[in-house]
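Some notes on the structure that comes next.
When a ligand or atom number is given, it counts from 1 through the structure's own listing order. For the numbers below, each heavy atom of this structure counts, side chains included, while hydrogens, waters and symmetry mates do not.
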Amino acid sequence: MLTLPDAIGAQLKGQQALTDTTGRSSAQVLLYPNAVLKIRPDDDEARREAAMLPWLETRLPAPRLLAHEVRQGTDYLLMSRLSGSMLCADAFLDDPSRLIDRLAEALTMLWSVDVTGCPSDCSLAPTLQDVERQLRLGLLTDFDASRAEGFATPAALLDWLEGHQPAEQAVLSHGDCCLPNLLADAEGKLGFIDLGNCGMADPYQDIALALRSLRQNLSGVFGGRPRPPVDPQRLFDRLQLAPDWDRLRYYTLLNELL
Ligand SMILES: Nc1ncnc2c1ncn2[C@@H]1O[C@H](COP(=O)(O)OP(=O)(O)OP(=O)(O)O)[C@@H](O)[C@H]1O
Ligand SMILES: [Mg+2]
């Protein structure tokens, strides 16, 4: 039986929850009819999501923060439940043109936000510093060398990333811009969730993750029927952006350590 902090329990009194099984993090995500409760260790990501939701309220279709409490090392975040289906739903994977349209619209919306006063800095300097700290503490345990272009260890990859930092632009970055974290309803209205890595960063942080997620979700690695791949150029065309393949490679590799 789950015992919740009083302020949160009071808001959820008498409501039945479904446990979400999509998320791959250590968070426990409980879906209520109009609210979502995320329970996880009190860490940087949890704190950032709680700090970003109020700031995003007038800037992006993101969940509204309803209550937040940290109790004995556990973070409880209660937010509003957005409507729409995840972009990894079959209806989108079966219709790549619509999927690319929604993805491009989501990225454009993020990049249209004025980042003045944004409470979270996810640019390369603090990000690489944090990766270094995690490496020192032995926390980078899920590094997969087969996805890291021949870098055998996280230390070797980090070393390369530190020495090859591209010039950065500062836009609002979702930070974990994968298909399950973007919602769209039948009219195409978008929703952004899972914002624990949201903050100011280079646009390629999100482009790199979006393209990786597109490739992985279409290939069927997370289950479901494999579908033909989509050429990344289609997303760049839709964004009216000339691809910078070196920057894409840099952020794709960086994401292997995040
Ligand atoms: N505010 C919300 N509104 C609607 N659905 C939500 C909301 N928050 C979470 N969900 C659903 O729960 C799933 C998991 O939530 P979330 O992505 O925040 O958790 P996570 O465990 O951190 O996931 P990840 O593995 O992506 O890090 C989402 O993909 C979505 O289906
Ligand atoms: Mg998620």
Task: Audit row: Arg247, Gln169, side-chain hydrogen bond (donor to acceptor under 3.5 Å, both in side chains) steps and yes/no - done: CA-CA 11 Å; Arg247 231 154 116 213; Gln169 263 175 271; 3.1 Å; yes
Task: With sequence neighbours excluded, residues passing side-chain hydrogen bond (donor to acceptor under 3.5 Å, both in side chains) with Asn34 - done: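 Partners of Asn34 under the side-chain hydrogen bond (donor to acceptor under 3.5 Å, both in side chains) test: none.
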Task: Nearest heavy atoms of Leu179 and Cys88, plus distance in Å - done: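 Heavy atoms of Leu179 and Cys88 come nearest at CB-N, 3.7 Å.
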TODO: Indicate the atoms forming the closest heavy-atom contact of Leu257 with Leu140, along with that distance.
DONE: O-CD2, 3.7 Å
Open item on the list: Under a plain distance cut-off of 3.5 Å, with no hydrogens placed, do His68 and Asp75 share a side-chain donor-acceptor pair?
Closed with: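 Yes.
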Close-contact set for ligand 1 against [X] heavy atoms, below 4.0 Å:
{"X": "Pro63", "result": "1 (N)"}
{"X": "Ile193", "result": "1 (N), 2 (C), 6 (C), 7 (C), 9 (C), 10 (N), 28 (C), 29 (O), 30 (C)"}
{"X": "Met79", "result": "1 (N), 8 (N)"}
{"X": "Lys38", "result": "16 (P), 18 (O), 19 (O), 22 (O)"}
{"X": "Arg81", "result": "3 (N), 4 (C)"}
{"X": "Met86", "result": "29 (O), 31 (O)"}

Open item on the list: Any non-hydrogen side-chain atom of Cys177 less than 4.5 Å from a side-chain atom of Leu182?
Closed with: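 Contact flag for Cys177/Leu182 side chains = yes.
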Open item on the list: Quick check: do Arg212 and Cys178 have side-chain heavy atoms less than 4.5 Å from each other?
Closed with: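 Result no, sub-4.5 Å side-chain heavy-atom pair not found.
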- [ ] May I ask whether Ser80 places a heavy atom under 4.0 Å from ligand 1?
- [x]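 In this structure, Ser80 qualifies as a contact of ligand 1 - some heavy atom is under 4.0 Å.
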- [ ] Check Asp194 and report its N/O/S atom nearest to the Mg ion (ligand 2), by atom name.
- [x] OD2
- [ ] Between Leu179, Leu195, Leu82, flag the one that comes closest to atom 4 (C) of ligand 1 by a heavy atom.
- [x]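 Shortest heavy-atom distance from atom 4 (C) of ligand 1: Leu82.
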